[in-house]
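Chain letters run A, B, ... following the sequence lines, proteins first, then strands; residues in each count from 1.
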Amino acid sequence: MTNFSPLTSFAGGMLIGLAAVLLMAFHGRIFGATGILSGLIRGGDMRDWSLRAALLAGMVLAPGLVLLGTGNWPALEVPVSMTAIIGGGLLVGIGVSYGGGCTSGHGVCGNARFSRRSITATLSFMATAFLTVYVTRHLIGG
Amino acid sequence: MRLLSALLIGLIFGIGIATSGMINPAKVLNFFDIAGNWDPSLAFVMGGALAVAIPGYRLVLVRKAPRFEPKFQLPDTKLIDVKLVSGSGLFGIGWGIAGFCPGGALPALGTLRPEALAFVASMILGLFIARGLKALAARSPQSA
């Protein structure tokens, strides 16, 4: 059970949008978690690599900063098995590679530019995520 | 300055992910569970992000160049194909199984929770598998 949190979710969403706008304004890039991670493991140009490494470092430091600021770790509860985490992670990795992005790259940045490609991708991954949870929680499990 | 700027932008993104609830698989999965304990919060995350990013991009992209680079790098492909739709569909299945998406899982690494580490490790393996499959497909011209 999680509680409906429209205000903090909206405020957190605004920060995500702000990060996307700032990355475009200062570095001329789309903020996509997929692109950042796949660029890091690909290597290549050192200037691009260091930018992605700095973005990742900032992201990883965030929960610790939340702990310092509020005295609590951000809520993180995992209601599925480790097998589901690993299997899901594999599918996410393969899927975002072929799909060319995820919730941040397509869902926020691409949709904010009204890219038809990103709108299509977003509709596709939202639809299958809703379906998957319906199947795992109401048809198989419960 | 360039890398410090990127670090701070990553930090803003991560704090947004943490406070919005995107870092929390329980909340993500409840968003997708309309038939169960539905928690619609994550629609507000997307709403908040777009409320800033739509006007923000408008303002930024009329400028000549970003602060630290000679030009903006925007995706130039407009192609809507089977790869885009099926890849994104596969991502959604994995997201619905695990409750983490890449943008949620990377900041979650900072909590040192084993589930976050395992998810990112298997996602990296998935990226390598996809790269191998693409290289294989490029070598055999008959396959789609």
Donor-acceptor check, side chain of A/Arg117 to backbone of B/Lys78, threshold 3.5 angstrom: yes or no? no
Non-hydrogen atoms of chain A under 4.5 Å away: do they reach the side chain of B/Pro70, the backbone, both or neither? neither
Between A/Val108 and chain B, which part of the residue has a heavy atom less than 4.5 Å away: side chain, backbone, both or neither? both
Note: vs chain B, highest number of non-hydrogen pairs under 4.5 angstrom among A/Val92, A/Leu51, A/Leu37 is A/Val92
Contact class of A/Leu65 relative to chain B, heavy atoms under 4.5 angstrom: side chain
If I compare all heavy atoms of A/Phe10 with all of B/Gly47, which pair ends up nearest, and what's the gap? CE1-C, 3.7 Å
CD1/A/Ile94 to OG/B/Ser86 distance, rounded to the nearest 0.5 angstrom? 11.5 Å
Is it the side chain or the backbone of B/Ala51 that comes within 4.5 Å of chain A heavy atoms, both, or neither? side chain
Would a 4.5 Å heavy-atom cut-off, applied to side chains only, mark A/Met24 and B/Leu74 as touching? yes
Please step through side chain to side chain contact (heavy atoms under 4.5 Å, CB included) for the pair A/Thr103 and B/Trp95, ending with a clear verdict. CA-CA 10 Å; A/Thr103 332; B/Trp95 193 16; 3.7 Å; yes
In terms of the angle between their ring planes, are B/Phe44 and A/Phe4 parallel, tilted or perpendicular, with boundaries placed at 30° and 60°? perpendicular
Quick one: do the B/Arg131 and A/Ser38 side chains pair a donor with an acceptor below 3.5 Å? no
I want to check something: taking the side chain as every heavy atom from C-beta on, are A/Leu91 and B/Phe91 in contact at a cut-off of under 4.5 Å? no
Short side-chain to backbone donor-acceptor contact, A/Ser124 and B/Gly89, under 3.5 Å: yes
Given A/Ala11, A/Ser118, A/Pro79, A/Gly110, the one with more heavy-atom pairs under 4.5 angstrom with chain B than any other is A/Pro79
From CD1 (B/Ile80) to OG1 (A/Thr120), nearest 0.5 Å: 3.5 Å
Between A/Arg47 and B/Glu69 (salt bridge meaning N to carboxylate O under 4.0 Å), is one present in this structure? yes
So, do A/Glu77 and B/Pro25 sit near enough that their side-chain heavy atoms are less than 4.5 Å apart? no
Could you tell me the separation between the CD1 atom of B/Ile54 and the CZ atom of A/Phe114, rounded to the nearest 0.5 Å? 4.0 Å
Examine whether an atom of B/Pro114 lies under 4.5 Å from a heavy atom of chain A, and if so say whether it belongs to the side chain, the backbone or both; otherwise answer neither. both
Honestly, the part of B/Leu125 sitting under 4.5 Å from a heavy atom of chain A is both
Over all heavy atoms of both residues, which pair between A/Phe26 and B/Ser5 is shortest? Give the atoms and the distance, please. CB-OG, 4.0 Å
Run B/Cys101 and A/Cys102 through side chain to side chain contact (heavy atoms under 4.5 Å, CB included) and show every step you take. CA-CA 7 Å; B/Cys101 63; A/Cys102 55; 5.5 Å; no
Which bit of B/Val45 comes within less than 4.5 Å of chain A, counting heavy atoms only: side chain, backbone, both or neither? both
Any idea which of A/Leu67, A/Leu23, A/Val66 has the most non-hydrogen atom pairs under 4.5 angstrom with chain B? A/Leu23
Taking atom types as modelled and ignoring hydrogens, do the side chains of B/Asn37 and A/Arg137 form a donor-acceptor contact shorter than 3.5 angstrom? no
Please flag which part of A/Met82 lies under 4.5 Å from any non-hydrogen atom of chain B: side chain, backbone, both or neither. side chain
With a 4.5 angstrom heavy-atom cut-off, could you sort out which part of A/Val80 is near chain B: side chain, backbone, both or neither? side chain
Report yes if some heavy atom in the side chain of B/Tyr57 is under 4.5 Å from a heavy atom in the side chain of A/Ile30; otherwise report no. yes
Quick one: closest heavy-atom pair of B/Ala6 and A/Leu55, and the distance? O-CD2, 3.3 Å
Options A/Thr34, A/Leu76, A/Ile86, A/Leu123, ranked by heavy-atom pairs under 4.5 Å with chain B, top entry: A/Leu76
Per-residue contact mode, A/Ile41 against chain B (heavy atom under 4.5 angstrom): both
Check: A/Ser97 side chain, B/Leu127 main-chain N or O, donor-acceptor pair, under 3.5 Å: no
Do the non-hydrogen side-chain atoms of B/Arg113 and A/Val78 ever get within less than 4.5 Å of each other? yes
Between the side chains of A/Ser9 and B/Lys27, is a donor N or O closer than 3.5 angstrom to an acceptor N or O? no
Can you tell if the side chain of B/Asp39 reaches within under 4.5 Å of the side chain of A/Asn3, non-hydrogen atoms only? no
Show the nearest heavy-atom pair for residues A/Ala62 and B/Ile15, with the distance to one decimal. CB-N, 3.4 Å
Does any backbone or side-chain atom of A/Ala127 lie under 4.5 Å from a heavy atom of chain B? Answer side chain, backbone, both or neither. neither
Tightest non-hydrogen contact, residues B/Pro102 and A/Val96, listed as CG-CG1, 4.1 Å
Is it the case that B/Ser88 and A/His106 place a side-chain donor and acceptor less than 3.5 Å from each other? no
Looking at A/Ala20, A/Pro74, A/Ala25, which one has more heavy-atom pairs under 4.5 Å with chain B than the rest? A/Ala25
Heavy atoms, side chains only, cut-off 4.5 Å: are A/Phe31 and B/Ile9 in contact? yes
Which of A/His27, A/Arg52, A/Met14, A/Arg29 touches chain B most, by non-hydrogen pairs under 4.5 Å: A/His27
Minimum heavy-atom distance B/Gly92-A/Thr128, with the two atoms named: CA-OG1, 3.1 Å
Are any non-hydrogen side-chain atoms of A/Ile16 and B/Met46 less than 4.5 angstrom apart? no
Less than 4.5 Å to any heavy atom of chain A: does that hold for the side chain of B/Leu133, its backbone, both, or neither? both
Straight-line distance of B/Phe13 CZ to A/Leu22 CG, nearest 0.5 Å: 13.0 Å
Toward chain A, the part of B/Leu50 with a non-hydrogen atom under 4.5 Å: side chain
The interface call for B/Arg2 against chain A, heavy-atom contacts under 4.5 Å, is both
Quick one: what part of B/Ile34 sits under 4.5 Å from any heavy atom of chain A, side chain, backbone, both or neither? side chain
